[in-house]
**Q** 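Quick one: this structure, given as structure tokens, is what I'll be asking you about.
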Amino acid sequence: MASLLGKKVFEINGQGPPPTKDFFQLTVTKTEVTWRSWKISLRIEFKGAAPGENKMTHNDFLHDARMQQQVGVVFGQQILQYTQALCQGNFDYLERLPNDLLLQILAFLELKDVAQLAQTTKRFHKLCNSPEFWEQTVRSRCDELTPDMEALANAMGWRKIFFAFFNTKEHQQYAQGGS
């Protein structure tokens with residue numbers, strides 16, 4: 001599973017909270033945390049100021065309350081907690097799987113389970129409602145697909161075709177409880 005981890009495990013960047021206009025970047029690799037900052041100001045004393053950079057090991061980050069506070073202020077407590085979890089070795093491997101592999105896994109789920117999965121994260125919501133998922137669903141679960149229906153699905157959308165032509169009791173439950 002460790003091979004699923006790239007060089008960068010997590011990266012986020014953005015502007016600090018008002019009134020500052022400063023820009024920040026947090027990068028977590030397998031072994032270290034890097035905090036970069038750029039001073040954005042019209043004041044003459046900050047003109048040409050070099051970006052700041054602070055690199056530390058995961059263990060150092062976990063023991064640096066000041067750095068954790070900065071991450072929390074700039075990116076919020078949820079990102080801070082996620083960064084702490086990464087530094088403790090708690091990697092989310094499922095999040096790292098490519099969409100095509102996740103689509104293959106989704107093919108084994110019942111539609112009611114897909115509906116529940118779609119409510120867990122933005123990524124799963126998008127994937128469970130994607131044209132690729134619905135095309136896969138129609139092709140794998142519907143034996144009566146004709147070339148005319150396929151052309152219609154390409155024009156109107158696979159999800160609409162699924163519910164229009166292959167609407168069974170199970171599928172109605174998905175529509176009511178699903179995404």
**Q** Do Leu26 and Val33 have side-chain heavy atoms sitting under 4.5 Å apart?
**A** yes
**Q** As an exercise, state the distance from CD1 of Ile12 to OG1 of Thr27, rounded to the nearest 0.5 Å.
**A** 10.5 Å
**Q** Measure the shortest side-chain to side-chain distance between Asn129 and Arg159 over non-hydrogen atoms and say whether it is less than 4.5 angstrom.
**A** yes
**Q** Between Phe133 and Leu101, is there shared hydrophobic-cluster membership here, with clusters defined by ILVMFWY side-chain heavy atoms closer than 4.5 Å?
**A** yes
**Q** With clusters defined by side-chain heavy atoms of hydrophobic residues (ILVMFWY) lying less than 4.5 Å apart, directly or transitively, does Val138 cluster with Leu102?
**A** yes
**Q** Of all the heavy-atom pairs spanning Cys128 and Leu106, show the shortest one and how long it is.
**A**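 Distance-wise, the nearest heavy atoms are SG-CD1, 4.1 Å.
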**Q** Which heavy atom of Val74 sits nearest to which heavy atom of Gln15, and what is that distance?
**A** CG1-O, 4.5 Å
**Q** Give a yes or no on whether Val73 and Phe23 share a hydrophobic cluster (residues Ile, Leu, Val, Met, Phe, Trp, Tyr; joining criterion: side-chain heavy atoms under 4.5 Å apart).
**A**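 Result: no, two separate clusters.
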**Q** Using a 3.5 Å distance criterion without hydrogens, assess whether the side chain of Gln136 forms a donor-acceptor pair with backbone atoms of Leu103.
**A**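 Yes, because the side chain of Gln136 sits within donor-acceptor range (under 3.5 Å) of the backbone of Leu103.
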**Q** Do you reckon Phe10 sits in the same ILVMFWY cluster as Phe61, going by side-chain contacts under 4.5 Å, direct or chained?
**A** yes
**Q** With heavy-atom distances below 4.5 Å as the criterion, would you say the side chains of Leu111 and Thr137 are in contact?
**A** yes
**Q** Does any part of the side chain of Asp22, heavy atoms only, come nearer than 4.5 Å to the side chain of Trp38, both counted from C-beta?
**A** no
**Q** Measuring only between side-chain heavy atoms, which start at C-beta, is Trp158 closer than 4.5 Å to Leu152?
**A**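 Contact flag for Trp158/Leu152 side chains = no.
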**Q** Determine, stepwise, if the pair Trp35 / Val71 fulfils side-chain contact (heavy atoms from CB on, under 4.5 Å).
**A** CA-CA 9 Å; Trp35 178 259; Val71 170; 3.6 Å; yes
**Q** Just how far is it from atom CG of Leu117 to atom CZ of Arg123, taken to the nearest 0.5 Å?
**A** 10.5 Å
**Q** Do you know the tightest heavy-atom contact between Arg139 and Glu150?
**A** NH2-OE2, 2.7 Å
**Q** Working to the nearest 0.5 Å, report the span between OG1 of Thr20 and NZ of Lys39.
**A**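 Answer for the OG1-NZ pair, Thr20 versus Lys39, is 5.0 Å.
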**Q** Once you round to the nearest 0.5 Å, how far does CG of Asn13 lie from OG of Ser37?
**A** 13.0 Å
**Q** Centre-to-centre under 6.0 Å for Trp134 and Phe163, is that the case here?
**A** yes
**Q** Got a second to check how far Glu11's CD is from Lys8's NZ, nearest 0.5 Å?
**A** 3.5 Å
**Q** Could you tell me the separation between the CG atom of Leu62 and the CE atom of Met67, rounded to the nearest 0.5 Å?
**A** 12.5 Å
**Q** Please list all pairs passing the side-chain hydrogen bond (donor to acceptor under 3.5 Å, both in side chains) test where one or both residues lie in residues 69-90, with sequence neighbours left out.
**A**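 Qualifying pairs, neighbours excluded: Gln68-Gln84.
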**Q** Please tell me whether Ile40 and Phe24 are part of a single hydrophobic cluster in this structure, the criterion being side-chain heavy atoms less than 4.5 Å apart.
**A** no
**Q** To check you understand the geometry: which heavy-atom pair defines the closest contact between Phe124 and Thr121, and what is its length?
**A**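 That would be N-OG1, 3.0 Å.
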**Q** Can you give the donor-acceptor pairs under 3.5 Å from side chains of residues 50-60 to other protein atoms, not counting sequence neighbours?
**A**
unit_1, atom_1, unit_2, atom_2, d
Glu53, OE1, Arg36, NE, 2.7
Glu53, OE1, Arg36, NH2, 3.2
Thr57, OG1, Asp60, N, 3.0
Thr57, OG1, Asp60, OD2, 3.2
His58, NE2, Thr29, O, 2.9
His58, NE2, Glu32, N, 3.4
Asn59, OD1, His63, ND1, 3.4

